[in-house]
There are 2 protein chains.
Amino acid sequence: MKLTSKGRYAVMALADLARFDNVNPVSLRDISLRQGISLDYLEQIFSKLRKKEIVQSVRGIQGGYVLNKNAKEIKLTNIFDAVDEKVKTVQCKKESKKGCNGKSTKCLTHNLWDELENHINNFFEEKSLYDLVKDNSERRI
Amino acid sequence: MKLTSKGRYAVMALADLARFDNVNPVSLRDISLRQGISLDYLEQIFSKLRKKEIVQSVRGIQGGYVLNKNAKEIKLTNIFDAVDEKVKTVQCKKESKKGCNGKSTKCLTHNLWDELENHINNFFEEKSLYDLVKDNSERRI
DNA sequence: TATAAACCTGACTAAAATAGTCAAGTATAT
DNA sequence: ATATACTTGACTATTTTAGTCAGGTTTATA
Ligand code: FES
Ligand code: FES
């Protein structure tokens, strides 16, 4: 199981953004340079973040992106949701009564994976962007 | 982030095995049929499980595999380890002082991913094969 | 009002990882 | 003897990921 770059980059980029606390827009070019992420890839990612109203865009020269909410209100869950980074541990369709083996009962391990999925999602539910920047400025002192 | 089939199958197959409690060997063919997993693929997986002494093989006709330890002593951690299913959340090399961005400090999100990795691994550390079969026989009653 | 900075969009592609398959064995209970 | 089942290594197809590329549109400012 591993975290994909898309999810990682989304959080990295937003953490970078969050340090500016909704004052002036930050251009993707700057984030790209600071965080070492391809500009074109960032654009894909921010397009999704904007659609889910996590960031706001400011077009034109001197433009960029600004957080659309307080950093405390942006959970990792929201970010991952926006960029379609999802935690998937079961193989079967959850709604279906059928198991991953094609049989009419769930497999031996279904419950286990379901618990695992919840366990991981709880982590994402508890962490906000604010936790990240706070953490980081503490370390800087 | 998703669980791979290799990890899933390893646990499914061992759960199937565990129901027979070290009495007589279970053939991969039977597991293959019951769990709907390719026989050839199972062979790859069990080769690894055997090397890490999680199962024992019994060759020849009527042969198969048997758990090598008590189901309570086989943690998910051990299983995943054996089949090289690893949790990887950070992008950088952990031992290195360098960050994933190539810079000389760890990136903004490094600590977060590290926490996540621990969080997930804790789950695997807490669950044993026994929990699985116990759970299942309870449900059967 | 020209221009350059920056957002915006969709299609395309290379590389890596995954999930197997296939072939050719060896051991052993019956 | 022989069929069952483990053993091993190489090969391959599919899918997913991680981008690239080529074209835009908007707008501050000189
Ligand atoms: S994972 Fe849901 S039935 Fe197997
Ligand atoms: S993940 Fe370790 S430095 Fe970025």
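Numbered from 1 within each chain, the chains take letters A, B, ... in sequence-line order.
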### Query
Where the side chain of Y41(B) is concerned, which of dG20(C), dC8(C), dT16(D) is the nearest nucleotide?
dG20(C)
### Message
If you assign each of K6(A) and D40(A) to its closest nucleotide in DNA chain D, which residue comes earlier from the 5' end?
### Response
K6(A)
### Query
T4(B) side chain N/O closer than 4.0 Å to the phosphate oxygens (OP1, OP2) of dA17(C)?
no
### Message
Looking at E117(A) and K94(A), is any side-chain nitrogen of the basic one under 4.0 Å from a carboxylate oxygen of the acidic one?
### Response
yes
### Message
Any non-hydrogen side-chain atom of F46(B) less than 4.5 Å from a side-chain atom of I31(B)?
### Response
yes
### Message
How many whole angstroms separate atom CG of D84(A) from atom C1' of dA18(D)?
### Response
15 Å
#### Entry: No-H, no-angle donor-acceptor pair, R59(B) side chain to dT4(D) base, under 3.5 Å
no
### Message
Does dA6(C) have OP1 or OP2 under 4.0 Å away from a side-chain N or O of Y65(A)?
### Response
no
### Between C1' of dC8(C) and CG of L39(A), the distance in whole Å
12 Å
### Message
Closer than 4.0 angstrom, basic N to acidic O: yes or no for D81(A) and K52(A)?
### Response
no
### Message
Just verifying a value: how many Å separate W113(B) CH2 and R8(A) CZ, rounded to the nearest 0.5 Å?
### Response
7.0 Å
### Message
What is the separation between atom CD1 on I31(B) and atom C1' on dA5(D), rounded to the nearest whole Å?
### Response
12 Å
### Message
Under 3.5 Å, is there any donor-acceptor pair linking the side chain of Q44(B) to the base of dT21(C)?
### Response
yes
### Task
Would you check if L3(A) and V90(B) make a side-chain contact, meaning some heavy-atom pair closer than 4.5 Å?
no
### Message
Any donor-acceptor pair, under 3.5 Å, between the side chain of R29(B) and the base of dT4(D), if you only look at N and O atoms?
### Response
no
#### Entry: side-chain N/O R50(B) vs dA5(D) OP1/OP2, d < 4.0 Å
no
### Summary
Taking five pairs at each terminus, the helix from dT1(C)-dA30(D) to dT30(C)-dA1(D) shows an axis bend, to 10°, of 0°
### Basic-acidic side-chain contact under 4.0 Å: E53(A), K69(A)
no
### Query
Would you say dC8(C) has OP1 or OP2 under 4.0 Å from some side-chain N or O of S47(A)?
no
